[in-house]
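To keep things clear, I will list the structure first and then write my remarks on it.
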Amino acid sequence: MTAVGPLETARELLREFPVVDGHNDLPWALREQVRYDLDARDIATDQSAHLHTDLARLRAGGVGAQYWSVYVRSDLPDAVPATLEQIDCVRQLIARYPQALAPALTAADMEAARSQGRIASLMGAEGGHSIANSLATLRALYALGVRYMTLTHNDNVDWADSATDEPGVGGLSAFGRAVVREMNREGMLVDLSHVAATTMRDALDASEAPVIFSHSSSRAVCDHPRNVPDDVLERLPSNGGMAMVTFVPKFVLQAAVDWTAAADENMREHGFHHLATTPEAMKVHRAFEERTPRPVATVSTVADHLDHMREVAGVDHIGIGGDYDGTAFTPDGLNDVSGYPNLIAELLDRGWSKPDLAKLTWQNAVRVLGAAEDVARGLQATRAPSNATIESLDG
């Protein structure tokens with residue numbers, strides 16, 4: 001009898017407890033590349049020349065639920081309609097591929113999709129600029145299906161500080177705390193990826209429901225401000241939330257931090273936004289890489305973060321958020337959405353148990369969304385929707 005190796009064991013585990021991935025930027029890639037022309041990027045066909053994501057590779061990767069990011073850049077003058085376009089893109093994808101993708105709004109919907117062999121499709125807004133300082137807009141996004149919101153992206157908003165901007169309000173303002181409370185009341189998960197550590201701590205103080213980090217790794221392992229400090233990870237058990245490790249090399253590999261700073265400056269010198277992934281922008285990236293080879297992250301690099309995050313936060317409070325189609329580069333072995341079994345195999349080699357891996361891939365994320373729903377039901381029974389404004393709270 002042939003012994004079953006870690007990779008096949010990983011695939012078997014994912015058939016029962018597939019990956020809930022916290023963050024995939026396919027909708028933005030579709031906007032940038034083809035302006036939402038789904039015929040031009042038919043993910044029922046091989047899209048490996050253009051995207052990290054298509055249906056076959058999601059299946060090969062053992063993905064059972066995906067938070068599709070409805071991200072828009074924070075420097076767009078009309079963030080709200082652009083966010084609505086992103087939501088519409090996700091809805092079009094779900095309608096176009098009903099045999100593969102299932103609309104999901106709740107933890108129960110996620111479980112139902114798993115039982116049907118479909119990929120539960122949820123949405124997360126990336127950046128509080130998407131609500132334009134309006135709690136009513138926040139509620140409207142929830143009504144349209146958005147189930148988490150990252151409080152900031154790379155730039156501050158008026159009421160919250162970003163990890164990659166200069167301090168503004170010192171964490172969360174009074175209106176920022178009201179945003180968190182209203183998210184709790186709606187059942188929308190508070191996502192603390194991208195925010196400053198001060199904002200993380202203020203949000204944990206303010207939140208009555210579990211929080212998430214949809215795509216962040218460990219700051220102790222790689223000292224980048226996008227990652228989560230240990231003192232914040234230590235608070236997740238009492239909060240009930242979770243941190244979902246990301247694969248972005250410049251967030252997981254220390255040697256890549258300095259290289260990325262130089263690459264970003266090169267992009268700006270050539271007239272591109274440093275996050276641009278259009279074909280023209282990628283030519284500039286590739287030319288820079290030929291001149292200055294980039295440090296290469298691996299599956300082991302990501303596993304190092306998960307080992308540390310498990311030690312600090314506990315296995316009940318970690319997950320996976322790859323950030324595919326939102327990054328120019330990926331680790332070796334995690335090149336696209338088909339790579340998740342390689343990570344699970346690496347963790348099996350490191351002695352992770354199957355029950356712990358089931359929590360990492362599926363159970364923790366489903367539990368956290370369900371807990372947010374429970375908190376919302378209680379709050380809605382005692383608290384009316386807030387009509388507070390940023391002017392009334394922050395002056």
Side-chain angles (χ1 to χ4, degrees), residues 21-61 63 66-97 100-101 119 121-127 129-130 150 153-154 214-215 246-250 260 263-264 266-268 270-289 294 321-331 334-339:
D21 183 273
H23 196 89
N24 183 304
D25 275 303
L26 175 65
W28 183 258
L30 293 171
R31 174 191 172 103
E32 290 283 276
Q33 292 183 22
V34 294
R35 192 61 192 184
Y36 304 125
D37 182 350
L38 302 188
D39 289 327
R41 291 289 183 272
D42 181 1
I43 62 169
T45 64
D46 180 10
Q47 294 298 318
S48 56
H50 308 288
L51 299 166
H52 293 142
T53 308
D54 55 44
L55 296 179
R57 285 181 289 167
L58 286 167
R59 293 294 191 202
V63 176
Q66 180 66 66
Y67 279 95
W68 302 108
S69 175
V70 291
Y71 156 79
V72 301
R73 275 172 36 183
S74 54
D75 59 355
L76 287 182
D78 298 309
V80 175
T83 302
L84 297 180
E85 291 173 359
Q86 290 280 95
I87 291 170
D88 183 70
C89 175
V90 174
R91 288 182 157 192
Q92 288 190 51
L93 287 168
I94 295 169
R96 185 180 176 109
Y97 308 108
L101 304 179
I119 298 167
S121 291
L122 305 102
M123 289 184 280
E126 189 174 17
H129 56 285
S130 290
T150 321
H153 191 243
N154 288 337
S214 66
H215 58 307
T246 193
F247 302 163
V248 181
K250 65 182 179 181
T260 299
D264 289 351
N266 178 68
M267 289 289 284
R268 287 187 286 267
H270 284 81
F272 292 101
H273 190 278
H274 69 280
L275 294 178
T277 56
T278 61
E280 294 80 9
M282 291 307 298
K283 288 179 183 177
V284 173
H285 261 307
R286 285 191 288 270
F288 178 84
E289 187 175 4
R294 64 183 176 93
D323 204 7
Y324 285 117
D325 284 308
T327 178
F329 304 112
T330 56
L334 295 169
N335 306 79
D336 56 39
V337 296
S338 68

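All of these numbers come straight from a predicted model, not from anything done at the bench.
Of the charged side-chain nitrogens involved, at least one lies within less than 4.0 Å of a carboxylate oxygen, so that R96 and D39 count as a salt-bridged pair. With respect to the salt-bridge test (charged N to carboxylate O, under 4.0 angstrom), the residues D88 and R91 do not qualify.
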Using side-chain contact (heavy atoms from CB on, under 4.5 Å), reason through L26 and L51 one step at a time and then give a plain yes or no. CA-CA 8 Å; L26 175 65; L51 299 166; 3.8 Å; yes

Could you walk me through whether E85 and R35 pass side-chain contact (heavy atoms from CB on, under 4.5 Å), step by step? CA-CA 10 Å; E85 291 173 359; R35 192 61 192 184; 3.1 Å; yes

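A distance of 6.0 Å separates OG1 of T150 from NE2 of H215, quoted to the nearest 0.5 Å. Remark: M282 CE to H50 NE2 distance equals 13.5 Å, nearest 0.5 Å.
In this structure, the side chains of D323 and F247 stay at 4.5 Å or more apart for every pair of heavy atoms. By the 4.5 Å heavy-atom criterion applied to side chains, S121 and W68 are counted as neighbours. Side-chain contact check for L76 versus R73: some heavy-atom pair is nearer than 4.5 Å.
Checked by atom type, the side-chain pair D42/Y97 shows a donor-acceptor distance below 3.5 Å. No hydrogens or angles considered: a donor-acceptor pair under 3.5 Å links the side chains of H23 and E126.
Sorted pairs that involve residues 271-288 and meet side-chain hydrogen bond (donor to acceptor under 3.5 Å, both in side chains), not counting sequence neighbours, are lacking altogether.
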